[in-house]
Amino acid sequence: MDATLVTARSDKEGAAATWKKGYGFHPLGAWCANTREWPGHAAAPGNAGSNTFTDHKEVLAAAIRQVPARFRARVLVRIDGAGASHDLVKHLLSMSSPRRTVLFTCGWMITSADEAAIMQVPADA
């Protein structure tokens, strides 16, 4: 799952200024890595937030519904740091059941401040 910026050259419905000083849309999408399909998305104006839990939950649910039931037993969800909110992580943790395993990764770019904080953790922790 990831959001992307889509430039609009004119004043289209829902277009707005983007955080990168452009103009257009900021839709959130879910892609199926092994088939390259786009099973879920949420349209959004250019100024939409990138870590809105409700949008992520809805897009993820829509994407999973598009996957044939026999392939839903093991799901891996990948989200970048912008989408990794505490609410979304709690939701992802709650999605596993005896009939379905949901694994996930949430990443972000490590900064020098992150590295300094990590170095303060004792080696035996």
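The analysis underlying the following values was restricted to heavy atoms, covering all of them including side chains, and did not include hydrogens, waters or symmetry mates. Worth saying up front: this structure is predicted, and the values here are computed from it rather than measured.
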Q: Take D87 and K57, measure what side chain to side chain contact (heavy atoms under 4.5 Å, CB included) needs, and give me the verdict at the end.
A: CA-CA 9 Å; D87 288 335; K57 182 179 176 183; over 6 Å; no

Q) Out of curiosity, H26 NE2 to W19 CH2, how far, rounded to the nearest 0.5 Å? A) 7.0 Å

**Q.** Residue pairs passing the side chain to side chain donor-acceptor pair (under 3.5 Å) test where at least one lies in residues 62-81, sequence neighbours excluded
**A.** none

Q | Flag side-chain contact, heavy atom, 4.5 Å: M1 against W31 | A | no

Q. Should I64 and R100 count as side-chain neighbours, where that means a heavy-atom distance under 4.5 Å?
A. yes

**Q.** Side chains of L92 and V77 in contact at under 4.5 Å (non-hydrogen atoms)
**A.** yes

Q | Exercise: identify the closest heavy-atom pair between S96 and V102 | A | OG-N, 2.9 Å

Q: Supply the atom-to-atom distance L103 CG to L93 CG, rounded to the nearest 0.5 angstrom.
A: 10.5 Å

Q. Is V6 reachable from Y23 through a run of hydrophobic residues whose side-chain heavy atoms are each under 4.5 Å from the next?
A. no

Q.
Quick check for you: to the nearest 0.5 Å, what is the distance between T18 atom OG1 and F25 atom CZ?
A. 11.5 Å

Q) V75 versus M95: any side-chain heavy-atom pair under 4.5 Å? A) no

Q | Shortest non-hydrogen contact from A30 toward P39 | A | O-CD, 3.1 Å

Q) Are L76 and V89 connected, step by step, through hydrophobic side chains (Ile, Leu, Val, Met, Phe, Trp, Tyr) whose heavy atoms are closer than 4.5 Å? A) no

Q | T52 side, atom OG1; E58 side, atom CD - distance, nearest 0.5 Å | A | 10.5 Å

Q: Can you see which heavy atom on A84 is nearest to which on C106, and at what distance?
A: CB-CB, 3.6 Å

Q. About how many Å separate OG1 of T35 and CZ of F71, when rounded to the nearest 0.5 Å?
A. 10.0 Å

Q) Does the side chain of L88 reach to within under 4.5 Å of the side chain of I79, using non-hydrogen atoms? A) yes

Q | Straight-line distance of I110 CD1 to E115 CD, nearest 0.5 Å | A | 7.0 Å

